[in-house]
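Atoms within each ligand, like the ligands themselves, are counted from 1 in listed order.
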Amino acid sequence: MNQLRTQVGIVGGGPAGMMLAHLLHRAGIESIVVEARSRDYVQERVRAGVLEQGTCDLMHAAGVGARLEREGITHQGIELRFGGQRHRIDLSGLTGGKTITIYPQREVVKDLIDARIAVGGAIFFEAEEVSIRGFDGDAPTIQFRDSGGVQEIRCDFIAGCDGFHGVCRPSIPAGALTIFERTYPFAWLGILAEVAPSSDELIYCHHERGFALHSMRSPSLTRLYLQCDPNDSVAAWSDERIWEELHTRFAVAGGWKLNEGPIVQKGVTPMRSFVAEPMRYGHVFIAGDAAHIVPPTGAKGLNLALADVRVLAAALAKYYAGGSRDLLDSYSQTCLKRVWKVQRFSWWMTSLLHRFPADNPFDRRRQVAELDYITSSRAAAQSLAENYVGLPMEGPQRFP
Ligand code: FAD
Ligand code: DHB
């Protein structure tokens, strides 16, 4: 067995793991990242697309914001569409000038992997049979197998950044975690189409046939989502059926043109709210999707994952600078404050905009009344806007 030693062993090279490795490097702390998939796979996965103001600020403060600055598309508002009418929410006007930025998750991951490789930081891709041990005492290790054989990393701490289906959370004794969970009776069919976006801003659309979302990836690539049955496979959705349903749901009085183009990717994403508490057990700290999942309606999953590792990096930096464990000890509590506010917002946006199979005429009237309220009351719109652009970050304000 090949033995390695580092300060922080990081399981998972998604946005949370790669940002943590980068922030630790900047604080002079060594880490090793162990990722199950190949570099190409993690850099090409189609996932989230909206960065909060605070996430962009973090990318810039961490010195990985150059491409984001050049290629990110800044938005100052979003559209809520219901009853065949369009209503703009002026995010910037309602939040003292804050914005959101369209910059795909895979570009964030690419920038962070490039930064890691540029400084010669250790990262193992295509790691198999990954396991973590010894984290209830003070000799934690990560074991895995790769083309070089069996590897063991001894470390001071393990960061479980391995997503919802990773190994770190399930390795914690079941009785030590409390799980809070809700599933939804619908899913999202997501597509990428090679065509210019039909709107300059995102459109969240409430329709009696179900929710629809218009987003984008670039001036020539449109991202669209449709509420669908959670048991639907992509095979049930021909290109013709997708376009017909999108035209129906996005239709507005007075007309609006939805651009059609070749569909180059299709996928069905289940909807779930999930929190595991606490986000720490002994010497293992869990972060991002490993600890919590939000339904995607508020565009929060990626942003929340990066907020967690910012808190964790600051806590580890303080520990290694002077031995104080106080921020490590409060890590879970600090993160969970934000996690629950983001859970609430994501649940609320989801409940507001989707058609529930078991709902009744009362519920549908109530949804429309709420949409009407949000689009006619500054106070109500402001509450949506301040959550959508991102609540202030927890933890030390001057980090990194
Ligand atoms: P992940 O991105 O899941 O990264 C975890 C990493 O750990 C992965 O690279 C994985 O390969 C690796 N890993 C897993 N198991 C192991 C193991 N045993 N050993 C080593 N490595 C391991 N959010 C939005 O806001 N909008 C969206 O439209 C949206 N769409 C999504 C679509 C899908 C299909 C999914 C799954 C998520 C989506 N999300 C979306 C959520 C968002 O992408 C996540 O919140 C975000 O990726 C969380 O980052 P993370 O680093 O915590 O986890
Ligand atoms: C995107 C995804 C979301 O979940 C959302 O709320 C907004 C945009 C996107 O993929 O572009």
Short side-chain donor-acceptor distance under 3.5 Å, Asp156 and Tyr320 | yes
Does one hydrophobic cluster hold both Phe211 and Leu224, with members joined at side-chain heavy-atom distances below 4.5 Å?
-> no
For atom 34 (C) of ligand 1, find the nearest protein heavy atom and state the residue, atom name and distance (0.1 Å precision).
-> Thr269 OG1, 4.1 Å
Short list, please: which atoms of ligand 2 are under 4.0 Å from a heavy atom of Leu202?
-> 7 (C), 8 (C)
Given the protein's heavy atoms, is any one of them under 4.0 Å from atom 39 (N) of ligand 1?
-> no
For atom 23 (N) of ligand 1, the option (of Pro170, Ala48, Gly166, Gly288) bearing the nearest heavy atom | Ala48
One finds that the ligand 1 atoms under 4.0 Å from a non-hydrogen atom of Val11 are 19 (N), 20 (C)
Going by an N to O cut-off under 4.0 Å, is there a salt bridge joining Arg365 and Asp359?
-> no
Identify the protein heavy atom lying closest to atom 51 (O) of ligand 1, giving its residue, its atom name and the separation to 0.1 Å.
-> Ala16 N, 2.9 Å
Side chains of Arg45 and Gln105: do they bring a donor and an acceptor to under 3.5 Å?
-> no
Check for a donor-acceptor pair, side chain of Gln382 on one end and backbone N or O of Ser377 on the other, with a separation under 3.5 Å.
-> no
Out of Pro295, Ala36, Gly17, the nearest non-hydrogen contact to atom 20 (C) of ligand 1 is supplied by Ala36
Under a 4.0 Å heavy-atom limit, does Pro15 contact ligand 1 with its side chain, its backbone, both, or neither?
-> both
Which residue owns the protein heavy atom closest to atom 11 (O) of ligand 2, what's the atom, and how far is it?
-> Ser215 OG, 2.6 Å
For Leu327, does its backbone N or O pair with a side-chain atom of Arg325 as donor and acceptor, under 3.5 Å?
-> no
Return yes if some donor-acceptor pair links the side-chain N/O of Arg310 with the main-chain N/O of Glu394 below 3.5 Å, else return no.
-> yes
Which of the atoms in ligand 2, numbered in the order shown and given with their element, are less than 4.0 Å from a heavy-atom of Pro296?
-> 3 (C), 4 (O), 5 (C), 6 (O)
Specify side chain, backbone, both or neither for Tyr225, according to which of its non-hydrogen atoms lie closer than 4.0 Å to ligand 1.
-> side chain
If you count the atoms of ligand 1 from 1 in the order shown, which ones are under 4.0 Å from a heavy atom of Gly163?
-> 3 (O), 5 (C), 53 (O)
Any side-chain donor paired with an acceptor under 3.5 Å for Asp40 and Ser38?
-> no
What is the nearest protein non-hydrogen atom to atom 18 (N) of ligand 1, stated with its residue, atom name and distance?
-> Val167 CG1, 3.5 Å
Ligand 2 to Tyr225 polar contact by distance, N or O atoms, under 3.5 Å | yes
Look at the aromatic rings of Tyr281 and Phe135 and report parallel, tilted or perpendicular, splitting at 30° and 60°.
-> perpendicular
Nearest neighbour in protein (non-hydrogen) for atom 19 (N) of ligand 1 = Val130 CG2, 3.4 Å
Trace of the side-chain hydrogen bond (donor to acceptor under 3.5 Å, both in side chains) decision for His292 with Trp340 | CA-CA 10 Å; His292 42 70; Trp340 278 108; over 6 Å; no
Would you say the side chain of Gln227 lies within less than 4.5 Å of the side chain of Arg249, judging by non-hydrogen atoms?
-> yes
Examine distances only and state if a side-chain atom of Glu194 and a backbone atom of Gly261 form a donor-acceptor pair shorter than 3.5 Å.
-> no
Of all the atoms in ligand 1, which lie at a distance below 4.0 Å from a heavy atom belonging to Cys161?
-> 5 (C), 6 (C), 7 (O)
Which atoms of ligand 1 have any heavy atom of Val42 under 4.0 Å away?
-> 9 (O)
Looking at Glu107 and Lys110, does any basic side-chain N land under 4.0 Å from a carboxylate oxygen?
-> yes
Output the list of atoms in ligand 1 that are nearer than 4.0 Å to some heavy atom of Ala305, sorted by atom number.
-> 48 (C), 49 (O), 52 (O)
Relative to ligand 2, is Trp188 under 4.0 angstrom through side chain, backbone, both or neither, heavy atoms considered?
-> side chain
Can you pull out the closest protein heavy atom to atom 4 (O) of ligand 1? Residue, atom name and distance to 0.1 Å, please.
-> Gly14 CA, 3.6 Å
Salt bridge (charged side-chain N to carboxylate O under 4.0 Å, His left out) assessment of Arg364 paired with Glu208 = CA-CA 8 Å; Arg364 289 200 288 283; Glu208 61 187 24; over 6 Å; no
Would you please determine whether Arg217 falls within less than 4.0 Å of ligand 2 on a heavy-atom basis?
-> yes
If you count the atoms of ligand 2 from 1 in the order shown, which ones are under 4.0 Å from a heavy atom of Thr297?
-> 6 (O)
Can you tell me the protein heavy atom closest to atom 7 (C) of ligand 2 and the distance?
-> Tyr204 OH, 3.2 Å
Is it true that Phe399 and Leu391 fall in one hydrophobic cluster, defined by side-chain heavy atoms closer than 4.5 Å?
-> no
Using heavy atoms and a threshold below 4.0 Å, how should the contact between Ile293 and ligand 1 be classified: side chain, backbone, both, or neither?
-> neither
Going by heavy-atom distance to atom 43 (O) of ligand 1, choose the closest among Gln105, Lys300, Arg45, Glu35.
-> Gln105
Are there more than 12 heavy atoms of other residues, nucleotides or ligands under 6.0 Å from atom CD of Gln333?
-> no
Minimum-distance protein heavy atom relative to atom 41 (C) of ligand 1 = Asp289 OD2, 4.2 Å
Of Met18, Arg47, Arg37, Glu52, which has the heavy atom at the shortest distance from atom 30 (N) of ligand 1?
-> Arg47
Ligand 1 to Gly301, heavy atom cutoff 4.0 Å, flagged ligand atoms 25 (O), 45 (O)
Quick one: which ligand 1 atoms are inside 4.0 Å of a heavy atom on Ala299?
-> 25 (O)
Check each atom of ligand 2 against the heavy atoms of Val50 and keep those under 4.0 Å away; list them by number with element.
-> 7 (C), 8 (C)
Around atom 14 (C) of ligand 1, find the nearest protein heavy atom and jot down its residue, atom name and distance.
-> Asp162 O, 3.2 Å
Can you tell me if Tyr225 and Arg223 form a side-chain donor-acceptor pair at under 3.5 Å?
-> yes
If you count the atoms of ligand 1 from 1 in the order shown, which ones are under 4.0 Å from a heavy atom of Val34?
-> 20 (C), 21 (N)
Run the ring-centre check on Phe82 versus His87 and record whether the distance is less than 6.0 Å.
-> yes
Any Ala127 heavy atom less than 4.0 Å to ligand 1 = no
Taking the side chain from His206 and the backbone from Gly83, do they hold a donor-acceptor pair closer than 3.5 Å?
-> no
